Enquirer: 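Next up is a structure, given as structure tokens.
Owing to the predicted nature of the structure, the values given are computational and were not obtained by experimental measurement. Atoms considered below: every heavy atom in the structure, side chains included; atoms not considered: hydrogens, waters and symmetry mates.
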Amino acid sequence: MRDPLSVLTDAFTSFLFGKVETTRLPVRTSTGQAQAVYLPTAAPGLGDSGVIIGREVYSGKGYIYDPFQLYGQQLPAPHWLVLGESGNGKSALEKTYVLRQLRFKDRQVVVLDAQGEDGVGEWNLIAEELGITPIRLDPTAALDHGIRLNPLDPSITTTGQLALLRTIIEVAMGHGLDERSGFALKVAHSYVNESIVDRQPVLTDIVEQLRHPEPESAEAMNVAIDDVRAWGLDVALVLDRLVDGDLRGMFDGPTTVGIDLDAPLIVFDLSHIDRNSIAMPILMAIVGVWLEHTWIRPDRKKRIFLVEEAWHIINSPFVAQLFQRLLKFGRRLGLSFVAVVHHLSDVVDGAAAKEAAAILKMASTRTIYAQKADEARATGRVLGLPRWAVEIIPTLTPGIAVWDVNGNVQVVKHLVTETERPLVFTDRAMTESSSDLAADEALRAAELEAEQRAAAFVEQHLGDSESTVA
């Protein structure tokens, strides 16, 4: 029983302000009606300007992503890391993303295509559809009027040429150049650039100068000519591999005339190169520096540099340092670097852990497809993913991924249009893409079955859940 003072206070308050409480009768209703009262909530999207990726799984909203639109506001850097095991949709995502970006007139894309069989890269179909001929780097074809890229191309600065030569040698040797070998290389490079003026200098000129250095080079440092020759011997042997070894023909002559650097899509087909050989990181180093000095220009175009099998870059300290500089430089000129890697452990536990961490830090966008539980936990620790995201990564079905855009974490289902499907999902020989196709078909069948079951359940229980207001 309430005390008299409280009763008197409530009466006085009601007299001044009116009755402040109302009494409602309990209401019984259906779940269909109640959902309008308790509205669902979802994380905010990334805006409505850019490329459509698919839909956000929990809210069903369209998911739109564009690093150039988000850069400076929601993104500190436009670079993107894509992770996941084969057969979960990485290949389909990359291809549709590029096709949709190319609908914008101010976009240009370079792809390093390291996958494929039977002499055809994985991006060959898309290149053909767009009327573009891939730049196929093939040691066997290079001797027969194939494509050549000259590390000493005059379009590359003298400093860039020397840095590229050092990177090639250090990657091949597996360790850095000592001071004496570095001096011998510097002297040979300087002499070749100063003495050859009637044509493009080539690697053969560098090798010849290392084997037979000029007396003036030794005199300048007050050392014997035999010492300079000895210092440069190992360097000459490494470069000789590009001139007369298993990489012969691709880099030992002037750059092939007619490479269209103004095309909307440029595909470097590396499918003829053994992905596990030392040739792959050497190729990527040469292509990376060559593009830095010939392709990236201050012309207000937005450029995308997509690298398949990117662990060849991130796992090599010397190549990683080179690309790290490219990423920093390209950010000022509108470059978005896209690295595709199967497992993060391939790089963070490798010889280039420090360099890998620096590159990963610059990737403000991370897309993670299904991984095993142990790998997902390791990925979550390195990338700083929330616990809920780490827990669902092993359960993701093909085509669905966790997207982390500078801390905005959502689960997104990638959607492929019927027009894109023949280009994105290729046939035999494209191992991952074939898996993607089968997985996508299985996913669509599973979704259809789930929808049918849900509809049957609702129809069966509709009468039980409906009632009148009491």
Enquirer: Which atom names give the shortest non-hydrogen contact between V238 and I169, and what distance separates them?
Expert: CG1-CA, 3.9 Å

Enquirer: Using 0.5 Å steps for rounding, measure from the CZ atom of R166 to the CE atom of M173.
Expert: 10.5 Å

Enquirer: Under 4.0 Å between a side-chain nitrogen and a carboxylate oxygen: does that hold for K372 and E85?
Expert: yes

Enquirer: Salt bridge or not for R199 and D205, using N-O below 4.0 Å?
Expert: yes

Enquirer: Tell me every residue that passes salt bridge (charged side-chain N to carboxylate O under 4.0 Å, His left out) with D234, counting only those two or more places apart in sequence or in another chain.
Expert: none

Enquirer: To the nearest 0.5 Å, what is the distance between CD1 (I282) and CG (L164)?
Expert: 10.5 Å

Enquirer: Provide the closest heavy-atom pair for N150 versus I156 in the form atom of the first, atom of the second, distance.
Expert: O-CD1, 4.2 Å

Enquirer: Does the side chain of H189 come under 3.5 Å of the side chain of Q161 through a donor N or O and an acceptor N or O?
Expert: yes

Enquirer: Taking the inter-plane angle between the rings of F323 and F337 on a 0 to 90° scale, is it parallel (under 30°), tilted (30 to 60°) or perpendicular (over 60°)?
Expert: tilted

Enquirer: Check whether the side chains of E122 and S271 place a donor and an acceptor atom closer than 3.5 Å, and report yes or no.
Expert: no

Enquirer: Return the orientation label for the W80 and W403 ring planes: parallel under 30°, perpendicular over 60°, tilted otherwise.
Expert: tilted

Enquirer: Assess the side chains of D404 and Q410: does a donor N or O sit below 3.5 Å from an acceptor N or O?
Expert: no

Enquirer: Going by atom types only, do E94 and W123 share a side-chain donor-acceptor pair under 3.5 Å?
Expert: no

Enquirer: Search all heavy atoms of L75 against all heavy atoms of P67 and return the closest pair with its distance.
Expert: CD1-CA, 3.9 Å

Enquirer: Are side-chain N/O atoms of D153 and T255 paired as donor and acceptor at under 3.5 Å?
Expert: yes

Enquirer: Quick one: closest heavy-atom pair of V411 and W388, and the distance?
Expert: CG2-CZ3, 3.8 Å

Enquirer: Can you classify the ring geometry of Y65 versus Y97 as parallel (below 30°), tilted (30 to 60°) or perpendicular (above 60°)?
Expert: tilted

Enquirer: On a heavy-atom basis, which atom in M250 and which in L283 lie closest, and how many Å separate them?
Expert: CE-CD2, 4.1 Å

Enquirer: Is it the case that the side chains of H414 and T96 hold a donor-acceptor pair, with the cut-off being a distance below 3.5 Å and no angle test?
Expert: yes

Enquirer: Are the side chains of L270 and D113 in touch, meaning some heavy atoms are under 4.5 Å apart?
Expert: no

Enquirer: Between D252 and R148, is the closest basic N to carboxylate O distance under 4.0 Å?
Expert: yes

Enquirer: Tell me the closest heavy-atom pair linking P254 and V202, and the distance in Å.
Expert: N-CG1, 3.9 Å

Enquirer: Ignoring hydrogens and angles, state whether a donor on the side chain of T167 or E170 is under 3.5 Å from an acceptor on the partner side chain.
Expert: no

Enquirer: Under 4.0 Å between a side-chain nitrogen and a carboxylate oxygen: does that hold for R107 and D66?
Expert: yes

